[in-house]
Amino acid sequence: MTSRVRIAPSPTGPLHIGTARTALYNFLHARHVGGTFILRLEDTDQVRSTVEFEKDILDGLHWLGLDWDEGPEVAGEPARGPHAPYRQMERLPSYEAAAQRLLALDMAYPCYCTPEELEADRKAQEAAKQPPRYVGRCARLTVDERRAREADGRRGALRFRVGEGIVAFDDLIRGRVEIDVANLGGDFVIVRADGTPLYHFTVVVDDAAMEMTDVIRGEDHLSNTPKHILLFRALGHEVPRFAHLPLILNPDRTKMSKRKSQTAIDDYIAQGFIREALVNYLALLGWSTGTEEEILPLDELIERFDIKDVHKGGAVFDRERLEWMNGQWIRRLDPDDLIDRLRPFLEAEKVAGRIERIPSDEEVRALLPVIQERLPTLGAIGDLVGFLWVSDVDVDPQTLVPKRWDPPTTRAGLAAAREAIDAVGDVSFEADELEPPLRALAEERGWKAGDLFMAIRVAVTGRTATPPLFDTLVALGRERVLARIDRAIEVLPA
RNA sequence: GCCCCCAUCGUCUAGAGGCCUAGGACGCCACCCUUUCAAGGUGGAGAUCAGGGGUUCGAAUCCCCUUGGGGGCACCA
């Protein structure tokens, strides 16, 4: 049978790094083995689920290039795949039917315990240093007793009988795992008193209905797997294979969380990380090719990926390494592509008031040779060359004076440089034409070229670190260079 | 508290009994290149392979124990 895998996010928050990685691994596995990648929305938590988050998650997965073969309808696009709907709140009847079946088989029973009773049980167990578990108060209720409680107006939640014994399975990544049913915490609730189904139940009903063959998910579900296996069996369905991925960790090695790390894919996108880098980085967080290659495009990842090579230990998310990889990928982008991707960031700079005008594609293209290898992220564009698109720059008199120079020398240097630059003229205002006269000037006056260049750099950009000076002067244009040097001379202390 | 999982440089990792006086990458430090900043190049510091027992002629690699870390035990997902 061909392999069927899925990503089943819950729209209770923006697309999370961990969800993205799980989606990626499922996607890589599906594509590698020629299987089917399914997207299912688990929105049964009505309180926390929103359509905004739903859209955010879908957009994020698309952005990453993780396209699914089967999934829910979105924005007018019909659902894809033979198992629609792919949104759990639209599948309520199937959970209801499954619940009725388990009830009829007495594999599940209504539980009328109140939250207070349950809470009291829990406290007592905690005090006795016992693991929390459902005590089974409603497990043996007779039909009459149930009827009496219903007559009292009490609505029962539905609990699944876990029974006893050992549940074992062969995890694709971890090997054989055996868990005693006695450690599951007793009979667990599968349907709330209000009739809405719970995660452990819906996930199994759907995985069964959608014919999933491999369930690839985070290690945090490892301990829950026996519950799922029990449910698959109770439902009379074949149990899929499981693969539990190592967790992505905060620097303190706890499960990656919003509180301690940046977890929203949106934020990475907004900062100018590109999909190739994020995908490449995430793929290598918990898996490796076994070789020393690390810059790998998606098609290459698909070709090399094997679920059996996934690591067992958790991996700390290292933003520095992601940034390095992002730089690697930015350098590999085609000019037109880079220009397109830079545009939203230039617009954002404008909106934020950090630049006054958005440059044309041609302007940006001319800059590419000197900025492409200097961008760790797309968002760094403003910081790098934003001085090009503002009318004036603030020049700090202190930094304007090179370390080995004093104000008078700087004044003389800038004045002489202005003259030399002016002499180059408009027509030949190019890097190759500007450099010789300025070097000659430095030599003639006995200045270190670096000092003279630094004074000019600060005068025209307001900063000490910029792309190569002559390219910068050309990008600025003759008029502005001359004007900015004039202004700089004015701010110099007397 | 109970159950489960995990354990190689600070971090991501290579390593599936001898090729390991443990390799690569990020980060860090030098140097080279160089007008600054990057990029690139070269070199360096950095892991007694968590510790202890076995098995074996031989163990980072296999087994056991200990320790440490993590995850799970909801009418959340």
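Chain letters run A, B, ... following the sequence lines, proteins first, then strands; residues in each count from 1.
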Measure from the side-chain heavy atoms of [X] and tell me the nearest of [options].
X      : options             : result
A:F470 : B:C5, B:A39, B:U35  : B:U35
A:H221 : B:U36, B:A77, B:G23 : B:A77
A:D220 : B:G72, B:U35, B:C75 : B:G72
A:L285 : B:C12, B:A77, B:C75 : B:C12
A:P132 : B:G72, B:A25, B:A74 : B:A74
A:I179 : B:C37, B:C4, B:U36  : B:C4
A:S223 : B:G71, B:C26, B:A39 : B:G71
A:A315 : B:G72, B:U13, B:U36 : B:U13
A:R321 : B:C5, B:U35, B:A25  : B:A25
A:L222 : B:C2, B:C5, B:C26   : B:C5

Quiz question: going by heavy-atom distance under 3.5 Å, is there a donor-acceptor pair between the base of [N] and the side chain of [X]?
X      : N     : answer
A:R463 : B:U36 : no
A:R374 : B:C37 : yes
A:T254 : B:G70 : no

Considering only the [atom1] atoms, how many Å lie between [N] and [M], rounded to the nearest integer?
N     : M     : atom1 : value
B:U66 : B:G71 : P     : 22 Å
B:U8  : B:C49 : P     : 12 Å
B:C65 : B:G40 : P     : 48 Å
B:A77 : B:G72 : C1'   : 13 Å
B:A50 : B:C26 : P     : 25 Å
B:A7  : B:G52 : C1'   : 15 Å
B:A60 : B:G51 : P     : 11 Å
B:G27 : B:U42 : P     : 16 Å

N or O in side chain of [X] less than 4.0 angstrom from [N] OP1/OP2:
X      : N     : result
A:R122 : B:C2  : no
A:R253 : B:U11 : yes
A:H311 : B:U13 : yes
A:R331 : B:A38 : no
A:T466 : B:U36 : no

Task: 5′-ward residue of the pair A:K312/A:T114 relative to RNA chain B - done: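 Nearer the 5' end of the strand: A:K312.
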TODO: Find which nucleotide of RNA chain B each of A:G314 and A:Q88 is nearest to by heavy atoms, and output the residue with the more 5' nucleotide.
DONE: A:G314
Watson-Crick or G-U wobble mate for [N], both contacts under 3.5 Å:
N     : result
B:G40 : B:C32
B:C2  : B:G72
B:G18 : B:C57
B:C9  : none
B:A45 : none

Open item on the list: Which residue in the set A:D471, A:L384, A:I330 passes side chain to side chain contact (heavy atoms under 4.5 Å, CB included) when paired with A:I371?
Closed with: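 Only one of A:D471, A:L384, A:I330 forms a side chain to side chain contact (heavy atoms under 4.5 Å, CB included) with A:I371, namely A:L384.
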- [ ] With A:Y281 as reference, evaluate A:L322, A:I17, A:N326 under the side chain to side chain contact (heavy atoms under 4.5 Å, CB included) test and give the passing residue.
- [x]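 By the side chain to side chain contact (heavy atoms under 4.5 Å, CB included) criterion, A:Y281 pairs with just one of A:L322, A:I17, A:N326: A:L322.
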Regarding [X] and [Y], is there a side-chain donor-to-acceptor distance under 3.5 Å anywhere?
X      : Y      : value
A:Y95  : A:D206 : yes
A:T254 : A:N250 : yes
A:R457 : A:T399 : no

TODO: Look up atom CH2 in A:W324 and atom CD in A:E294, then write down how far apart they are to the nearest 0.5 Å.
DONE: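 It is 4.5 Å, given to the nearest 0.5 Å.
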Open item on the list: Are A:H228 and A:H200 an aromatic pair, judged by ring center distance below 6.0 Å?
Closed with: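 Ring centroids of A:H200 and A:H228 are less than 6.0 Å from each other.
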[X] [atom1] to [N] [atom2], straight-line distance once rounded to whole Å:
X      : N     : atom1 : atom2 : result
A:K258 : B:A77 : NZ    : C1'   : 15 Å
A:E373 : B:A39 : CD    : C1'   : 4 Å
A:K227 : B:C4  : NZ    : P     : 15 Å

Task: Short side-chain to backbone donor-acceptor contact, A:T410 and A:D406, under 3.5 Å - done: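 Yes, because the side chain of A:T410 sits within donor-acceptor range (under 3.5 Å) of the backbone of A:D406.
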